[in-house]
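Throughout, protein chains are lettered first and strands after them, A, B, ... in sequence-line order, and every chain is numbered starting at 1. Every value quoted in this text rests on a predicted model; they were computed, and no experiment measured them.
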Protein chains: 2
Amino acid sequence: MNSQKIEPAKILLAKNIKPTPIRLKVLETLLSQTHAMRLYDIENILDGVERTSIFRAIKNFEKNNLVHEIDDGSGATKFALCEDRCECNLEDLHVHFFCKICEQTFCLQQLQIPSMELPPEFVVESANFVIKGICANCNT
Amino acid sequence: MNSQKIEPAKILLAKNIKPTPIRLKVLETLLSQTHAMRLYDIENILDGVERTSIFRAIKNFEKNNLVHEIDDGSGATKFALCEDRCECNLEDLHVHFFCKICEQTFCLQQLQIPSMELPPEFVVESANFVIKGICANCNT
DNA sequence: CTTGATTTTGCAACACTGTTGCATCACATT
DNA sequence: AATGTGATGCAACAGTGTTGCAAAATCAAG
C-alpha cells in the first residue's frame with residue numbers, strides 16, 4: 001500500500017514545506033512513533049542519514065508549526081508532531097509527561113497548560129510544563 | 001560585620017551539610033543573587049574555583065533539599081535556593097519565569113504548580129513548569 | 001602528636017547535544 | 001544546456017554535565 005508514501009508528502013505540502021527525501025524520512029519516523037523523540041532517536045532509526053540533515057529538517061518543521069519542542073529535563077530536546085491545526089500559539093500548548101523509568105515523553109494533548117496570574121508587567125509568550133513520574137506502562 | 005560569615009554555615013549545618021570553604025562560597029553566591037543561576041554563572045563569580053567543585057557542592061545541596069534545579073529551556077540547568085522549610089515535595093514546587101531578553105529565571109514562589117488530572121495509572125513525582133516571555137524589567 | 005582513614009578539592013579528560021561553515025550535489029527554471 | 005537556488009554530507013566546534021584519579025585537607029583513634 002502506498003498511502004504511507006503519499007500521506008507524508010501531503011502533510012509537508014500543506015505546511016508549505018518542500019517534500020525532500022530526508023524530510024519525508026524524518027516525518028515518517030515521527031509519524032511511526034507515539035512518543036516524542038530525540039534527534040538521536042531519529043538518527044538511530046534513519047541509519048545512514050546525517051545528524052545535521054535531520055537537525056535541519058526538524059528546525060524547518062518547527063518553523064512551519066509542524067513539530068514542537070519539549071524540554072523534559074532529560075538533557076536532550078525532544079520533538080513531537082503538532083496537532084493538525086496547531087499554530088503553536090499559547091492556546092495550542094499542552095502538558096507533557098516524562099517517565100523516569102522508560103524515559104519516554106508523552107504529549108497530554110487533552111491537558112491544556114493553565115494560565116497563571118503573573119506579577120505586573122510580565123508578558124507571557126510560551127510555556128513548558130512537564131510532569132515527571134511513572135507512566136502507566138512502567139507502573140506495574 | 002560577621003553575620004555574612006556565620007549565617008551560611010548555620011544554613012548548611014541545619015541541613016546536615018558539612019560547611020567546607022567551597023560550599024560556603026557557593027552558598028554565599030546563591031544568597032547574593034535574586035535569580036536562579038547557572039553553574040557557569042557561579043563559576044564566573046567565584047573566579048579561581050574549579051567547575052567540578054562547584055558542581056559537586058551544588059549536587060550536595062540538591063540532595064539535601066537546599067537548592068532546586070530549574071530547566072528553563074536555555075540549555076543550561078539553573079539552580080536556586082529552596083525556601084526555608086522546603087522538602088522538595090510536590091507541594092513545595094512553584095512556577096518559574098524565563099525572560100527571553102535578559103535570559104534570567106525568576107522563582108514565582110507565590111505560584112504553586114497546579115495539579116493535573118493525569119491518565120489512569122500515571123503517577124506524579126515532580127514537575128517543571130516554566131513560563132517564558134518578557135519580564136517587568138525588560139518590558140519597557 | 002602521629003598515624004591512618006575519610007572527605008574534599010583540583011585537574012584532566014570525556015560524552016553528549018546542539019550548532020555552524022563549507023563544499024558538493026540535486027533540482028527546477030529559463 | 002546553463003544557471004541559480006536550495007538541500008545534503010562532512011568536518012569541526014562550543015557549551016554543559018559528568019567521572020576518574022591523585023593530591024590536599026580534615027577528622028578520628030591510638
What is the separation between atom [atom1] on [X] and atom [atom2] on [N], rounded to the nearest whole Å?
{"X": "B:Lys25", "N": "C:dG10", "atom1": "NZ", "atom2": "C1'", "answer": "13 Å"}
{"X": "B:Leu12", "N": "C:dT8", "atom1": "CG", "atom2": "P", "answer": "12 Å"}
{"X": "A:Glu43", "N": "C:dT17", "atom1": "CD", "atom2": "P", "answer": "9 Å"}
{"X": "B:Asp47", "N": "C:dG10", "atom1": "CG", "atom2": "P", "answer": "13 Å"}
{"X": "B:Ile58", "N": "C:dT8", "atom1": "CD1", "atom2": "P", "answer": "15 Å"}
{"X": "A:Ile22", "N": "C:dA26", "atom1": "CD1", "atom2": "P", "answer": "13 Å"}
{"X": "B:Asn16", "N": "C:dT7", "atom1": "CG", "atom2": "P", "answer": "15 Å"}
{"X": "A:Asp71", "N": "C:dG18", "atom1": "CG", "atom2": "C1'", "answer": "13 Å"}

| Looking across every strand, which nucleic acid part, if any, lies under 4.0 Å from B:Lys78 by heavy atom: base, sugar-phosphate, or nothing? |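 Since no nucleic acid heavy atom lies under 4.0 Å of B:Lys78, the category is nothing.
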
| said: Mind checking if A:Thr77 touches a base, just sugar-phosphate, or nothing, with heavy atoms under 4.0 Å? | reply: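 Sugar-phosphate, backbone atoms only, no base.
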
| task | Starting from the C-alpha separation in whole Å, work towards a yes-or-no answer on side chain to side chain donor-acceptor pair (under 3.5 Å) for B:Gln109 and B:His94. | result | CA-CA 5 Å; B:Gln109 265 132 353; B:His94 53 260; 4.7 Å; no

| field | Side-chain heavy atoms of B:Phe97 within contact of B:Lys132, under 4.5 Å | value |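 Side chain of B:Phe97 against side chain of B:Lys132, heavy atoms only: no contact under 4.5 Å found.
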
| message | As a test of understanding, state which of A:Asn128, A:Thr77, A:Thr105 forms a side chain to side chain donor-acceptor pair (under 3.5 Å) with A:Asp72. | response |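 Single side chain to side chain donor-acceptor pair (under 3.5 Å) partner of A:Asp72 among A:Asn128, A:Thr77, A:Thr105: A:Thr105.
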
| request: Just say parallel, tilted or perpendicular for the rings of B:His68 and B:His96, cut-offs at 30° and 60°. | output: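 Judged by the thresholds at 30° and 60°, the geometry between B:His68 and B:His96 is tilted.
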
| said: Looking at B:Asn89, I'd like to know if its CG atom is crowded, meaning that more than 12 non-hydrogen atoms belonging to other residues, nucleotides or ligands lie closer than 6.0 Å. | reply: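 Enclosed: over 12 neighbouring heavy atoms sit under 6.0 Å from CG of B:Asn89.
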
| field | Heavy atoms from other residues, nucleotides or ligands near NZ of B:Lys63 exceed 12 (cutoff 6.0 Å) | value |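 Counting neighbours around NZ of B:Lys63, 12 or fewer heavy atoms of other residues, nucleotides or ligands fall under 6.0 Å, so no.
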
| said: Pick the closest DNA chain D nucleotide for B:Arg38 and for A:Arg23 by heavy atoms, then say which residue is nearer the 5' end. | reply: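 Its nucleotide being nearer the 5' end, the pick is A:Arg23.
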
| Considering heavy-atom distances to DNA chain D, does B:Arg56 or B:Lys18 have its closest nucleotide positioned more toward the 5' end? |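 Its nucleotide being nearer the 5' end, the pick is B:Arg56.
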
| query | Taking 4.0 angstrom as the limit, do A:Lys59 and A:Glu69 come out as a salt bridge? | reply |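 Counted as a salt bridge, because a side-chain N and a carboxylate O are separated by less than 4.0 Å.
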
| message | With heavy atoms of chain A within less than 4.0 Å as the criterion, where does contact along DNA chain D begin and end? | response |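 Answer, 5' to 3': D:dA7 to D:dA12.
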
